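As structure tokens, the structure follows; a few thoughts come after it.
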Amino acid sequence: GEEVAQTPKHLVRGEGQKAKLYCAPIKGHSYVFWYQQVLKNEFKFLISFQNENVFDETGMPKERFSAKCLPNSPCSLEIQATKLEDSAVYFCASSQRTNAGELFFGEGSRLTVL
Amino acid sequence: SQQGEEDPQALSIQEGENATMNCSYKTSINNLQWYRQNSGRGLVHLILIRSNEREKHSGRLRVTLDTSKKSSSLLITASRAADTASYFCATAGSSGGFKTIFGAGTRLFVKA
């Protein structure tokens, strides 16, 4: 597609429940990035992919967060056993090139943990 | 901690005035980018300046980069109410890796 598509737009989960977010990058873009934005503040980098390979996961809270980009499927970000502090907007971005290139962002998925 | 830090945190100006936002960063970079975020929306790329460039223009936007001071500024001339948004600087490192680091942003309010 011509834009990064993120689903769902909103997701509400009770504490301890699982949350799964999806991202379809722009067609032809090999690089996918996930960011977390809390309270309209700074964007925290979570993880990046080149195609289906993880390249940088230094931002991921590994105990409960996992992400995948499989061929012919949207990328996904999954949070097991959500906590209140996971409430945030999760943005996906894609890029044609490496970190030297412009990032194209989706509209985000707002996760609310109650 | 995040690399880019913008100042001011918030800026309020009248339509027609110029708005200047600054960004500082800590490590060496490959390039620096500025993005805009309208309320509740995703980031939109505005301009990219490479580490070997000092100034770049795009329409009403002017970006400068001083690698010796590890700082950049974004100037929006003749601002409009539609420029009201949050502006973020982002850095891509020269040491490799696949992440672009964002600062906390400057919230710009342009009053009509």
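None of the values given here were measured: they were computed from a predicted structure. Chain letters run A, B, ... following the sequence lines, proteins first, then strands; residues in each count from 1.
A/Arg64 and A/Asp86 are joined by a salt bridge, as a carboxylate oxygen and a charged side-chain nitrogen come within less than 4.0 angstrom of each other. Between A/Lys83 and A/Glu15, none of the side-chain N atoms (NZ, or NE/NH1/NH2) sits under 4.0 Å from a carboxylate O, so this pair counts as no salt bridge.
Comparing B/Arg107, B/Gln9, B/Arg41 by how many heavy-atom pairs each has under 4.5 Å with chain A, the most go to B/Arg41. Between chain B and the residues A/Phe91, A/Phe104, A/Phe105, the largest count of heavy-atom pairs under 4.5 Å involves A/Phe105.
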*asked:* Walk me through whether B/Glu55 and B/Arg62 qualify under salt bridge (Lys or Arg N to Asp or Glu O under 4.0 Å).
replied: CA-CA 7 Å; B/Glu55 188 171 312; B/Arg62 173 178 169 250; 3.1 Å; yes

_What verdict does the ring pair (Phe, Tyr, Trp, His ring centres under 6.0 Å) test give for A/Tyr31 and A/Phe49, after you've listed the backbone C-alpha separation in whole Å, the side-chain angles of each residue and the deciding distance to 0.1 Å?_
CA-CA 5 Å; A/Tyr31 300 93; A/Phe49 290 84; over 10 Å; no

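Contacts between B/Gln37 and chain A at a heavy-atom distance below 4.5 Å involve the side chain alone, from C-beta outward. Of the atoms belonging to A/Tyr35, it is side-chain heavy atoms, and not backbone ones, that fall under 4.5 Å from chain B. For A/Gln37, the part sitting under 4.5 Å from any heavy atom of chain B is the side chain, from C-beta outward, and nothing else.
B/Gln33 and B/Asn31 are linked by a side-chain donor-acceptor pair at a separation below 3.5 angstrom, with hydrogens and angles left out of the test.
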